[in-house]
**Student:** 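Let me begin by handing over the structure; questions about it come next.
Residue numbers start at 1 and run along the sequence shown.
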Amino acid sequence: MIMEEHWKLVYVIGILALGFAVKSNADGSISCGFPAIYNFGDSNSDTGGISATLNEILPPNGETFFGHPAGRASDGRLIIDFIAEGIKLPYLSAYMDSIGTNFRHGANFATGGSSVRPPGFSPFNLGIQISQFIQFKARTTTLYNRLSLNRRIPLSISNLPRPAEFAQALYTFDIGQNDLGHGFQTMSEKQVRDSIPDIIGELSKAIHILYKEGARFFWIHNTGPLGCLPYNVIYGKKPGNVDKNGCVKAQNEAAMEFNKQLKNKITWLRTQLPFAKFTYVDVYSAKYDLISNAKKLGFVDPFNFCCGSFYGYHINCGKKATVNGTVYGNPCDHPSNHISWDGIHYSETANMLVSNRILNGSLSDPPVSIQDACHHETDI
């Protein structure tokens, strides 16, 4: 017992040395006071990157929570927003957005359509996002140190990250869905599955680079059930290729294979990067369970989306078209009744329910909550 308390004390001292604002939970464990989040991903976690650069996010996106478009492909908050809320930090500003940005508590490098490796639906693949982070870290550190010496302009550094906090931040990933999605549009099923090891390898390289830059705490989402997205059901559904819930089997099987290899790679990374803490998060299960139990939870058919149209006419959410006197693209009246917002992205209600499943650690390996992701059960 004495030895156990000794090592617990050593661990706490080590965390304090990193500068964490730690606190003791009711059970005696130590919570992490992450000062910042740095996120990498695609539209599932993009808070304004693609809207600021290539494709503006239009109304009615954002109508439920923000009351206006907020750079998110949803009627409201994304999982990354609930992550920020969970560790009591502000919502992340997009790195690519120059208007009203505040990077004091992190930055979001995710952009809609991004994939781990090129080609894809967006030029901002994971390699580009990592390069952006390295430049961001170097430039903000230099600027902060220079401005800190000038006491006459202290407000100039109020929106900048603190250099010491890069090593204390949480690094989150939600990417890979577009590698598979683009693959199914351009390759055979076998070629898609054969591409997975290389995709995982590129993701591993990105994590190694961040580790060399001082990153230590990683929260990594696996990819969701691609074959359950209404868009993919509409265009990929064929006789005999759907599961009991109506999802496209081949696409979900590829997603599960991706997730299996991702989990194995994270296990390997733990042996290669001994000072890092990795949390693998099973988003797939949370999303698939939501779709499986849609009607029990009060949702409409999970393949019935709220905004836009893909039924014969491809009309993105936020736009309308009149065809033979019929107006396509009008949003539904009650987004909270839908799991899918626009056929590809989830509604705020769905994102909230998925977040409730994953942030407590019940679907994670190891099973630690978002607040405790700076340590694992063996540490305390």
**Student:** Do the charged groups of E165 and R104 touch, with an N to O distance under 4.0 Å?
**Tutor:** yes

**Student:** With a 3.5 Å distance limit and no angle check, can you tell me whether S93 reaches the backbone of N102 through a side-chain donor-acceptor pair?
**Tutor:** yes

**Student:** Hey, quick one: are L210 and I80 part of the same hydrophobic cluster, counting side-chain heavy atoms closer than 4.5 Å, chains of contacts allowed?
**Tutor:**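 L210 clusters together with I80.
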
**Student:** Can you name the one residue among F133, F109, Y211 that meets ring pair (Phe, Tyr, Trp, His ring centres under 6.0 Å) with Y171?
**Tutor:** F133

**Student:** Side-chain donor-acceptor pairs under 3.5 Å in residues 179-187, sequence neighbours left out?
**Tutor:**
residue, atom, partner, partner atom, Å
D179, OD1, V116, N, 2.6
D179, OD2, V116, N, 3.2
D179, OD2, R117, N, 3.2
T186, OG1, H182, O, 2.9

**Student:** Side chain of N241, backbone of K237: donor and acceptor closer than 3.5 Å?
**Tutor:**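 Judged by distance alone, no pair lies under 3.5 Å.
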
**Student:** Please report the shortest heavy-atom distance between I315 and A321, naming the atom on each side.
**Tutor:**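 Scanning both residues completely, I find the closest heavy atoms to be CD1-CB, 3.5 Å.
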
**Student:** Tell me yes or no: between the side chains of N39 and S45, is some donor less than 3.5 Å from an acceptor?
**Tutor:** yes

**Student:** Has the side chain of T47 got a donor or acceptor atom that lies under 3.5 Å from a matching backbone atom of A70?
**Tutor:**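 Not at all, since once roles are kept as given, no pair shorter than 3.5 Å links the two residues.
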
**Student:** Does W268 belong to the same Ile/Leu/Val/Met/Phe/Trp/Tyr cluster as L262, with side-chain heavy atoms less than 4.5 Å apart forming each link?
**Tutor:** yes

**Student:** Could you tell me whether R72 and D81 make a salt bridge, using a distance below 4.0 angstrom between a side-chain N and a carboxylate O?
**Tutor:**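 D81 and R72: salt-bridged.
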
**Student:** Verify whether one side chain among Y280 and N222 offers a donor that lies under 3.5 Å from an acceptor in the other.
**Tutor:**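 Yes, side-chain donor-acceptor contact under 3.5 Å.
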
**Student:** So which atom in A254 and which in R193 form the shortest heavy-atom distance, rounded to 0.1 Å?
**Tutor:**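 Closest approach of A254 to R193, heavy atoms only: N-NH1, 3.9 Å.
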
**Student:** Relative to Y346, does K287 satisfy both conditions: NZ or CZ under 6.0 angstrom from the six-membered ring centre, and within 45 degrees of the ring's axis?
**Tutor:** yes

**Student:** Is the terminal nitrogen or CZ of R216 (NZ for Lys, CZ for Arg) located under 6.0 angstrom from the six-membered ring centre of F275 and within 45° of that ring's axis?
**Tutor:**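 Here R216 fails the 6.0 Å and 45° test against F275.
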
**Student:** Under a 3.5 Å distance rule, please check whether D75 uses its side chain to pair with a backbone N or O of E348 as donor and acceptor.
**Tutor:**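 Side chain of D75 to backbone of E348, a donor-acceptor pair under 3.5 Å: yes, one is there.
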
**Student:** Take V281 and L363, measure what side chain to side chain contact (heavy atoms under 4.5 Å, CB included) needs, and give me the verdict at the end.
**Tutor:** CA-CA 6 Å; V281 187; L363 292 177; 5.6 Å; no

**Student:** Can you tell which of N44, T172, D174 makes a side chain to side chain donor-acceptor pair (under 3.5 Å) with H221?
**Tutor:**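 Looking at N44, T172, D174, the match for H221 under the side chain to side chain donor-acceptor pair (under 3.5 Å) is D174.
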
**Student:** For the atom pair CG (L126) and CZ (F40), what is the distance rounded to the nearest 0.5 Å?
**Tutor:** 7.5 Å

**Student:** Surrounding NE2 of H314 (heavy atoms of other residues, nucleotides or ligands, distance under 6.0 Å), is the total greater than 12?
**Tutor:**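 Yes, the 6.0 Å shell around NE2 holds more than 12 heavy atoms from other groups.
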
**Student:** Any donor-acceptor pair under 3.5 Å linking the side-chain atoms of N360 with those of S369?
**Tutor:**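 Note: S369 and N360 side chains miss the donor-acceptor criterion.
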
**Student:** Ignoring hydrogens and angles, tell me if any N or O in the side chain of N259 forms a donor-acceptor pair with the backbone of A255 under 3.5 Å.
**Tutor:**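 Yes, the answer is positive, given that a donor and an acceptor are paired below the 3.5 Å cut-off.
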
**Student:** Quick one: does any side-chain atom of N232 pair with a main-chain N or O of L226 as donor and acceptor, under 3.5 Å?
**Tutor:** yes

**Student:** Could you tell me if the side chain of T64 sits less than 4.5 Å from the side chain of S336, heavy atoms only?
**Tutor:**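 Of all side-chain heavy-atom pairs linking T64 with S336, none is under 4.5 Å.
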
**Student:** Closest heavy-atom contact between F124 and T53?
**Tutor:** CE1-OG1, 3.8 Å

**Student:** Check the pair T101 / N159 against side chain to side chain contact (heavy atoms under 4.5 Å, CB included), numbers first and verdict last.
**Tutor:** CA-CA 8 Å; T101 50; N159 289 344; over 6 Å; no

**Student:** Sequence neighbours left out, what pairs pass disulfide bond (SG atoms under 2.5 Å apart) with at least one residue falling in residues 235-281?
**Tutor:** C228-C247

**Student:** Do the side-chain N and O atoms of D243 and N245 include a donor-acceptor pair separated by under 3.5 angstrom?
**Tutor:** no

**Student:** Taking T267 for the side chain and K263 for the main chain, is one N or O donor matched with an acceptor at less than 3.5 Å?
**Tutor:**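 Pair found, side chain donor or acceptor close to backbone of K263.
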
**Student:** Using modelled atom types only, decide if a donor and an acceptor are shared between the side chain of N351 and the backbone of R77 within a distance under 3.5 Å.
**Tutor:** yes

**Student:** When clusters are formed by joining ILVMFWY residues with side-chain heavy atoms under 4.5 Å apart, either directly or through shared neighbours, do V248 and I344 land in the same one?
**Tutor:**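 Different clusters: V248 never reaches I344 through Ile, Leu, Val, Met, Phe, Trp or Tyr contacts under 4.5 Å.
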
**Student:** C332 vs C307, test: disulfide (SG to SG under 2.5 Å). Steps then yes/no.
**Tutor:** CA-CA 6 Å; C332 68; C307 188; over 6 Å; no

**Student:** Please tell me whether L92 and L78 are part of a single hydrophobic cluster in this structure, the criterion being side-chain heavy atoms less than 4.5 Å apart.
**Tutor:** yes

**Student:** Quick one: pull up CD1 in I207 and CD1 in I266 and give me the separation to the nearest 0.5 Å.
**Tutor:** 6.0 Å

**Student:** Between P366 and T279, what is the shortest heavy-atom contact and its length?
**Tutor:**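 So the two residues come closest at O-CG2, 4.0 Å.
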
**Student:** Look at the side-chain heavy atoms of Ile, Leu, Val, Met, Phe, Trp and Tyr, link any pair under 4.5 Å apart, and say whether I134 and L203 land in one connected group.
**Tutor:**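 In one cluster with I134: L203, yes.
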
**Student:** The test is side-chain hydrogen bond (donor to acceptor under 3.5 Å, both in side chains); show your working for H345 and S340 and say whether it passes.
**Tutor:** CA-CA 6 Å; H345 307 99; S340 180; over 6 Å; no

**Student:** Is it true that a side-chain atom of N304 and a backbone atom of V300 form a donor plus acceptor pair closer than 3.5 Å?
**Tutor:** no

**Student:** Working to the nearest 0.5 angstrom, can you tell me the gap between L160 CG and N145 CG?
**Tutor:** 10.0 Å

**Student:** Just how far is it from atom CD of Q191 to atom CD1 of I196, taken to the nearest 0.5 Å?
**Tutor:** 12.5 Å

**Student:** Assess the pair F305 and F310: is the distance between their ring centroids shorter than 6.0 Å?
**Tutor:** yes

**Student:** Quick one: closest heavy-atom pair of N252 and Y288, and the distance?
**Tutor:**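 Looking at all heavy atoms of both residues, the shortest contact is ND2-CE1, 3.9 Å.
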
**Student:** For F136 versus A107, what's the shortest heavy-atom pair and its separation?
**Tutor:**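 It is CZ-CB, 4.1 Å.
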
**Student:** Go through the steps to decide whether D342 and N316 satisfy the test side chain to side chain contact (heavy atoms under 4.5 Å, CB included), and finish with yes or no.
**Tutor:** CA-CA 8 Å; D342 61 5; N316 290 331; over 6 Å; no

**Student:** Do other residues, nucleotides or ligands put more than 12 heavy atoms under 6.0 Å from the CZ atom of R139?
**Tutor:** no

**Student:** Between F166 and Y38, does the ring pair (Phe, Tyr, Trp, His ring centres under 6.0 Å) criterion hold? Intermediate values first, please.
**Tutor:** CA-CA 9 Å; F166 282 104; Y38 293 99; 5.3 Å; yes

**Student:** Regarding D282 and S285, do their side chains bring together a donor and an acceptor under 3.5 Å, going by distance alone?
**Tutor:** yes

**Student:** Check the pair D46, D42 against side chain to side chain contact (heavy atoms under 4.5 Å, CB included), reporting the backbone distance first and the verdict last.
**Tutor:** CA-CA 6 Å; D46 180 3; D42 52 34; over 6 Å; no

**Student:** Distance check, rounded to the nearest 0.5 Å: S51 atom OG versus D97 atom CG?
**Tutor:**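 Going from the OG atom of S51 to the CG atom of D97 covers 7.5 Å.
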
**Student:** Hey, is the main chain of I128 close enough, under 3.5 Å, to the side chain of N125 for a donor-acceptor pair?
**Tutor:**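 Yes, because the side chain of N125 sits within donor-acceptor range (under 3.5 Å) of the backbone of I128.
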
**Student:** Quick one: NE2 on H105 to CD1 on I37, what's the gap to the nearest 0.5 Å?
**Tutor:** 10.5 Å

